[in-house]
Number of protein chains: 2
Amino acid sequence: MNADKIPDIIIGRLPVYLRALQRMAENGVKTTSSQELGEHVGISAAQIRKDISQFGEFGKQGTGYSISFLIDKLREILNVNRMWDVAIVGAGDMGHALARYQGFTNRGFRVVMIFDNDPAKVGLKVGEYTIEDTAKLVDRIRTSKIKMAMMTVPASTAQAVADKLVQAGVKAILNYAPISINVPESVHVQYIDPSTHLQRMTYYLD
Amino acid sequence: MNADKIPDIIIGRLPVYLRALQRMAENGVKTTSSQELGEHVGISAAQIRKDISQFGEFGKQGTGYSISFLIDKLREILNVNRMWDVAIVGAGDMGHALARYQGFTNRGFRVVMIFDNDPAKVGLKVGEYTIEDTAKLVDRIRTSKIKMAMMTVPASTAQAVADKLVQAGVKAILNYAPISINVPESVHVQYIDPSTHLQRMTYYLD
DNA sequence: TAGATTGTTAATCGATTAACAATC
DNA sequence: TAGATTGTTAATCGATTAACAATC
């Protein structure tokens, strides 16, 4: 392991490598090369080797990488060789979809609670969860020691909800609300806004 | 307008600026500065000025930028001063959520059809749309001249669906399936995978 | 005018690529 | 051994920042 600080842009590629490797493993493939992995994920072989080598010598000259070994290492590096409990705030359509999404389990995440501030929704079931009142969010999350949350609330309430999450001790927020939020430096935020993603592509269309 | 090719990393920030400006406009703010906008979106003032200046001189020394003027310019640059029809493939929970999402309209997008390959779903209503058979996707999309699509299908069918979309003439794909897909260079792809985003943050947690 | 803020230049900083010795 | 592929270095390329003249 390298003691230097690893650039975030490299960290951002590791989950993509991991995802591709897990898929290869499911297909029964045992080893791969930077060349082959690069073709799968659309990244140059040189860059993949450089990225991986930041963390150790995980490959073998002549044969490449053992997929199961590299998966283990990436899961270790990314801290997903454990389960992370995640809270959802906002029980609209998107909150529902995330609560029922089957794709978290084998990636290291487990949804454990869902909140909404609409009295008409509190108490209703979403999949296996009962919608809880956002008023109880800080207590519930702090008590449960949850460190990650997904926000599927309107832009108008996103900052207030983010403030509550920070207050509750959450350290990583996946924000589906179409607005930039301000949080302390110690809290990480990732944004998912389909319109923003689409607009990044329309630039190239005519 | 600059004739040189603008780096994609700059294009990627423009929708974020636009989103913040539209929010400011809704709040009745008339002008802003690179400093103020930067505080909203978490980007340095110098970078914002540099990004914007790639496309023209849209600001005024001493007073900053007219928000409505800058919004117009960014919408023009990003090609969203028009409506783009978008197809959804995959009528699961995520497809449903996107079909019912209210946040596309004022960002330049309109969902116009939704497909699924499950015979039990074809013919059912999702919001205002009737689910159509994926078997008819190529014809329907080609005839309608749709250039953008959102894929909310399982990873196992994502590549096959992407191939169909390409065949139908789609030029931009927003891929919610947790897998990298291969498309011709002329087709743009953006990825949304909550697990990948969460894993990018767990690296920093302990 | 005085203060504020742009657009732009030059300097710095960081990321990617190409190439190849090492070695499995 | 011969072929393949890593890990790493140096070179290239690209992005960000700092600074400031221009000017509203």
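In what follows, chains are A, B, ... by sequence order, proteins preceding strands, each numbered from 1. These values consider heavy atoms only, across backbone and side chains, with no hydrogens, waters or symmetry-generated copies. Predicted model, so just to flag it, every value in this text is computed and none were measured.
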Between Q61(A) and R13(A), just flag the one whose closest nucleotide in DNA chain C comes earlier from the 5' side. R13(A)
Hey, which sits more toward the 5' end of DNA chain C by its nearest nucleotide, K60(A) or K50(A)?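 That would be K50(A).
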Paired with dT6(D) by Watson-Crick or G-U wobble geometry, both distances under 3.5 Å: which nucleotide is it?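 Across any shown strand, dT6(D) pairs with dA21(C).
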Taking any strand in view, what nucleotide pairs with dA15(D) in a Watson-Crick or G-U wobble way, both distances under 3.5 Å? dT12(C)
We want to know whether [X] and [Y] form a side-chain donor-acceptor pair, criterion being a heavy-atom distance below 3.5 angstrom.
X: Y204(A); Y: D8(B); value: yes
X: R23(A); Y: S180(B); value: no
X: D163(A); Y: Q167(A); value: no

Assess whether atom CZ of R100(A) is packed by more than 12 heavy atoms of other residues, nucleotides or ligands within 6.0 Å.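 No, because the 6.0 Å sphere around CZ of R100(A) holds 12 heavy atoms or fewer from other groups.
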Can you give the first and last nucleotides of DNA chain D, 5' to 3', that have an atom under 4.0 Å from a heavy atom of chain B? dA15(D) to dC24(D)
Could you tell me the separation between the CD1 atom of I146(B) and the CG atom of L165(B), rounded to the nearest 0.5 Å?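 Between atom CD1 of I146(B) and atom CG of L165(B) there are 10.0 Å.
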Do the side chains of W84(B) and K147(B) get nearer than 4.5 Å, heavy atoms only? yes
